[in-house]
Asks: 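Handing you this structure, nothing more for now.
Keep in mind that this is a model prediction, so the values were computed, not measured. A, B, ... follow the sequence lines: proteins, then strands. Residue 1 opens every chain.
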There are 2 protein chains.
Amino acid sequence: MYIDRMSTSERLIESTRELLWERGYVGTSPKAILERAGAGQGSMYHHFKGKPDLALAAIRRTADEMRATAEGVLGGPGTPYERIAAYLRRERDVLRGCPVGRLTMDPDVIASDELRAPVDETLDWLRERLAGLFEEGQEQGQFAPHLDGEEIAAAIVATVQGGYVLARASGSPAAFDTGVRGLLALLAPPSTRGD
Amino acid sequence: MYIDRMSTSERLIESTRELLWERGYVGTSPKAILERAGAGQGSMYHHFKGKPDLALAAIRRTADEMRATAEGVLGGPGTPYERIAAYLRRERDVLRGCPVGRLTMDPDVIASDELRAPVDETLDWLRERLAGLFEEGQEQGQFAPHLDGEEIAAAIVATVQGGYVLARASGSPAAFDTGVRGLLALLAPPSTRGD
DNA sequence: GTCTATATAATGATAGAC
DNA sequence: GTCTATCATTATATAGAC
């Protein structure tokens with residue numbers, strides 16, 4: 001939004017964010033970034049040391065945004081189950097994939113500890129946040145006490161990340177929703193049946 | 001194995017399979033394929049129309065192999081729950097990711113119906129296979145009757161695919177296993193507790 | 001069937017003018 | 001700060017000798 005009113009440096013970061021989401025790190029060239037940002041070579045190498053440096057700024061911002069979005073739902077109103085369900089059902093651009101998770105399939109991102117760090121930290125934060133919320137629900141008797149919060153949290157995040165894979169493979173968001181419904185059915189307290 | 005004893009065409013396909021797994025389609029250049037296969041430009045363009053044609057042969061073979069591996073476990077001995085658990089727990093090169101699923105994050109693969117087809121068909125087959133197996137377990141009273149086989153199957157496949165994402169983000173296979181344990185705990189018939 | 005040349009465009013970066 | 005050269009390398013493919 002209003003990308004034309006941003007500073008050159010901002011336009012470079014925003015253009016990089018879009019391209020990383022669409023094409024990943026390996027598939028994104030400086031040239032494509034510059035074209036989208038409406039900037040020349042000089043600007044990019046003035047503000048950033050190179051492609052990895054610019055990508056790091058873009059990834060950090062995307063990761064921060066994803067965390068804020070998740071917290072918006074997970075920290076919202078409702079019981080723990082309701083908030084987990086709201087997180088799983090929240091509207092997503094499913095066919096575009098997860099702008100953070102998709103980076104884990106990028107060989108150059110995984111090869112760089114610096115580029116991987118924000119991805120790791122974000123998914124790790126998400127798992128811990130969900131684990132805490134699940135344990136809260138357990139204390140309230142909403143979930144079976146024999147379940148492990150960290151395990152359930154990992155299963156939840158994995159279902160979301162894998163849901164993107166299924167959706168993109170089939171070319172339709174349906175598979176994502178189907179998997180989410182399956183997980184929610186397994187998680188649902190008996191009292192919420194037919195929810 | 002014995003890649004040096006294969007025909008040139010075979011070596012090209014096998015080298016492409018390895019590189020697609022390691023670096024994806026966008027990150028794999030004909031040059032890298034040729035170097036790994038020990039072949040010249042001419043050989044590749046003699047046997048294949050170009051990069052997409054060679055990649056299609058490689059993807060098809062990888063997809064077939066993955067299906068055979070999955071069927072080996074899902075069609076094996078044991079109750080439906082045991083076979084699903086065996087599938088989820090089977091040994092994997094977790095940090096390398098899924099050679100089929102990772103292709104869904106490749107923009108050029110998703111943009112091509114031809115390249116996407118084997119990926120889609122394989123994951124679709126897997127979901128149907130798991131759904132049938134789950135329903136078999138339901139008939140035997142192993143799983144709750146209110147659960148939907150297709151939904152559970154999608155959640156299972158998504159957990160595996162997303163498990164790779166978590167593992168690669170953290171640089172350790174642990175997160176994959178944690179998610180799988182979480183899902184199995186949710187699926188487990190009461191009689192298998194402590195399994 | 002395989003090889004080496006050759007071709008055109010893109011990649012990722014640097015130099016230096018303005 | 002931004003721009004336009006310029007550069008060495010790689011990507012993807014064709015041509016044609018052997």
Asks: Taking atom P of C:dA13 as reference, at what distance in whole Å does atom CE of A:Met44 sit?
Replies: 6 Å
Asks: Phosphate oxygens OP1/OP2 of C:dC3: is one of them under 4.0 Å from a side-chain N or O of B:His46?
Replies: no
Asks: Using atom types as modelled and distance alone, determine if a side-chain donor or acceptor of B:Asp93 lies under 3.5 Å from a backbone N or O of B:Arg96.
Replies: no
Asks: Between B:Arg67 and B:Glu121, is there a salt bridge with N-O shorter than 4.0 Å?
Replies: no
Asks: Roughly, in whole Å, what's the span from CZ in B:Phe48 to P in C:dG1?
Replies: 12 Å
Asks: Around atom CD of A:Glu71, are there more than 12 heavy atoms from other residues, nucleotides or ligands closer than 6.0 Å?
Replies: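 Atom CD in A:Glu71 is packed in, count exceeds 12.
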Asks: From the list C:dA13, D:dA13, D:dC3, which nucleotide is the closest neighbour of the side chain of B:Pro52?
Replies: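 When the side chain of B:Pro52 is considered, D:dA13 is the closest of C:dA13, D:dA13, D:dC3.
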Asks: What is the distance, rounded to the nearest whole Å, between atom CG of B:Asp53 and atom C1' of D:dT12?
Replies: 14 Å
Asks: Any non-hydrogen side-chain atom of A:Arg11 less than 4.5 Å from a side-chain atom of A:Thr8?
Replies: yes
Asks: Taking side chain to side chain contact (heavy atoms under 4.5 Å, CB included) as the criterion, tell me which of B:Val73, B:Leu133, B:Thr79 meets it with B:Ile84.
Replies: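 Answer after filtering B:Val73, B:Leu133, B:Thr79: B:Leu133.
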Asks: For a quick check under 3.5 Å, do B:Arg23 and B:Thr28 share a side-chain donor-acceptor pair by atom type?
Replies: no
Asks: Compare the minimum distances between each of D:dC3, C:dT2, C:dG12 and the side chain of B:Ser43, then state the nucleotide with the smallest one.
Replies: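 In terms of side-chain proximity for B:Ser43, the closest of D:dC3, C:dT2, C:dG12 is C:dT2.
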Asks: Just checking, A:Arg92 and A:Tyr87: is the charged tip under 6.0 Å from the six-membered ring centre and within 45° of the axis?
Replies: yes
Asks: Pairs in or reaching into residues 34-66 of chain A: which pass ring-ring contact (aromatic ring centres under 6.0 Å, His included), with residues at least two apart or in two chains?
Replies: none
Asks: Rounded to whole Å, how long is the line connecting atom CG of B:Leu12 with atom C1' of C:dT2?
Replies: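 Result: 11 Å.
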Asks: Run A:Arg36 and A:Glu18 through salt bridge (Lys or Arg N to Asp or Glu O under 4.0 Å) and show every step you take.
Replies: CA-CA 9 Å; A:Arg36 188 169 298 211; A:Glu18 291 172 14; 2.8 Å; yes
Asks: Between atom NE2 in B:His47 and atom P in D:dA13, what is the gap in whole Å?
Replies: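 Value for this atom pair: 17 Å.
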Asks: For the helix from C:dG1-D:dC18 to C:dC18-D:dG1, what angle lies between the axis at the first five pairs and the axis at the last five pairs, to 10 degrees?
Replies: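 One end's axis against the other's: 0°.
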Asks: Quick one, which residues of residues 18-33 of chain A touch DNA chain C with a heavy atom under 4.0 Å?
Replies: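 Of all residues in residues 18-33 of chain A, the ones placing a heavy atom under 4.0 Å from DNA chain C are A:Thr28, A:Ser29, A:Pro30, A:Lys31.
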Asks: Could you tell me how far apart B:Leu34 (CG) and C:dT2 (P) are, to the nearest whole angstrom?
Replies: 12 Å
Asks: Where the side chain of B:Gln41 is defined as all heavy atoms beyond and including C-beta, which of D:dT2, C:dT2, D:dT12 is the nearest nucleotide?
Replies: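 The listed nucleotide nearest to B:Gln41's side chain is D:dT12.
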Asks: Could you tell me how far apart B:Leu54 (CG) and D:dA11 (C1') are, to the nearest whole angstrom?
Replies: 15 Å
Asks: Can you tell me how far C1' of D:dA11 sits from CD of B:Glu35, to the nearest Å?
Replies: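 Rounding to the nearest Å, CD of B:Glu35 and C1' of D:dA11 are 12 Å apart.
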